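These figures come from a predicted structure and were not determined experimentally.
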Amino acid sequence: MINLKKISKWYGDFQVLDDCSTQVEKGEVVVVCGPSGSGKSTLIKCVNGLEPFQQGEITVDGVSVGGKDTNLSQLRSRIGMVFQNFELFPHISVVDNIKLAQLKVLGRSDDEAHKNAMRLLDRVGLADQADKHPAQLSGGQQQRVAIARALAMDPIAMLFDEPTSALDPEMINEVLDVMVELAKDGMTMMVVTHEMGFARRVANRVIFMDEGRIEEDCTREEFFNTTRGERAQIFLSKILEH
Amino acid sequence: MNYNWDWGVLFREPYLDWLISGFLWTISVSLAAWILAFTLGSIVGIARTVDNDWARGIATCYVETFRNIPLLVQMFLWYFVFPELLPYDAGMWVKRELPMPEFTTAVVCLGLYTASRVAEQVRAGIEAIGQGQRNAGLAIGLTPAQVYRYVLLPVSYRIIIPPLTSEFLTIFKNSSVALTIGVLETTAQARQIEEYTFQGFEAFTAATLLYIVVTSVVMLLMKLIEGRVRIPGMISLGAK
């Protein structure tokens with residue numbers, strides 16, 4: 001489904017991604033972890049073309065992300081993305097947030113978009129908040145709306161860029177629960193996160209990144225049970241301590 | 001001070017008519033210039049934030065040129081110099097056939113000058129929103145133009161209502177510069193009344209009051225708009 005071949009990216013002289021290759025199969029859940037500054041957020045933003053890259057090739061469902069003739073907007077409309085800071089549109093209501101791209105990109109009727117939005121809000125447990133504005137919701141609620149907004153486009157895959165990092169601890173689980181449900185429903189997911197509990201529960205594979213390189217790319221069992229490289233061990237011991 | 005106060009002069013003919021006519025010219029020049037400034041300023045301000053070197057370069061040149069030349073100089077340049085720089089026929093047309101030449105020139109000059117200032121505010125409003133919102137819009141499949149239309153602009157215009165209000169007020173006050181090329185607006189009429197009657201204090205007090213009236217109306221109007229478009233739950237955008 002998602003294929004990355006030898007991706008390298010530089011900011012000026014500084015190399016942020018170094019020869020990264022991996023793939024995410026249909027229905028697979030891949031967790032990407034690593035210390036901050038390791039390039040994991042940059043990597044996931046390359047997948048839907050929000051960050052350009054200088055070398056290598058990424059294809060999603062056979063379409064080349066960096067290709068000159070690729071209609072990036074059309075490709076992005078098929079890939080859902082959830083951000084660390086939610087990024088709901090503050091000036092429109094929750095339900096309108098979920099309807100916007102359905103109306104403007106997919107050309108659905110208002111009625112159809114509304115029904116779909118309400119169904120998804122119900123799914124993330126927020127149907128009663130539909131007419132509020134984003135700033136009137138808690139962080140966890142906003143992130144669940146953001147997930148619903150992405151799902152409204154009927155995406156073929158979902159990208160999560162540290163979806164729980166900006167949340168208060170007591171709100172992390174309500175977001176993770178929605179993500180676990182999604183994973184169990186067979187959604188193809190690429191998730192940048194430090195939530196190792198989530199990785200243990202639903203990840204098929206775990207990727208560990210450091211200094212712009214993919215250092216480990218293995219199954220969940222291998223990652224948590226067998227001996228890994230020194231850096232991955234240090235990283236894991238640091239975040240699993242508490 | 002040996003001054004013969006006579007407030008009655010303001011209500012005698014033809015001076016009352018002069019003031020009214022001047023006031024209407026002030027309003028006409030300012031509103032027409034504001035429409036031009038707001039439209040062009042928005043386009044230029046947006047162009048300064050797009051992902052295109054040419055558009056950004058041209059917009060930057062525009063802003064730096066128009067905001068760095070004194071308004072008075074610009075007024076003279078448009079009125080006296082600009083027609084001479086045109087090809088002969090076009091220059092003659094501007095000098096002879098341009099309808100309401102003083103008014104038109106004043107509107108164009110004031111509009112283009114204020115546009116450069118509006119552009120900077122629009123740019124600041126868009127840049128205040130940050131990359132995250134832009135990315136979120138792009139990620140759900142909106143085109144870059146749709147991201148501006150549905151995500152960035154609705155929020156940035158709300159953010160810049162206070163500075164835009166100042167700019168809207170300034171355009172009424174700056175419209176007095178148009179008297180230098182012969183637009184008989186409020187200040188020009190006040191001067192004329194002084195020359196005819198030697199009642200300068202009364203004339204300029206009237207002009208002052210007229211400016212205060214119009215700017216107060218503008219302030220009220222903008223406050224009304226600000227309240228109308230307030231985003232529920234957002235404190236940072238000027239909510240009370």
Between chain B and chain A, donor-acceptor distances below 3.5 angstrom:
| residue | atom | partner | partner atom | Å |
| --- | --- | --- | --- | --- |
| B:Q133 | N | A:E87 | OE1 | 3.3 |
| B:Q133 | NE2 | A:E87 | OE1 | 3.1 |
| B:Q133 | NE2 | A:L88 | O | 2.9 |
| B:Q146 | NE2 | A:K104 | O | 3.2 |
| B:Y150 | O | A:H91 | NE2 | 2.9 |

Residue among B:A139, B:P154, B:G130, B:P232 with most heavy-atom pairs under 4.5 Å to chain A: B:P232
Per-residue contact mode, A:L88 against chain B (heavy atom under 4.5 angstrom): backbone
Choice from B:I129, B:V229, B:V151 maximising heavy atom contacts with chain A below 4.5 Å: B:V151
Proximity breakdown for A:I79 and chain B, heavy-atom pairs closer than 4.5 Å: backbone
Structural part of A:F89 lying under 4.5 Å from a heavy atom of chain B: both
Side chain to side chain, B:I140 and A:V105, heavy atoms closer than 4.5 Å: no
Shortest non-hydrogen contact between B:A136 and A:F83, atoms and distance: CA-CE1, 3.6 Å
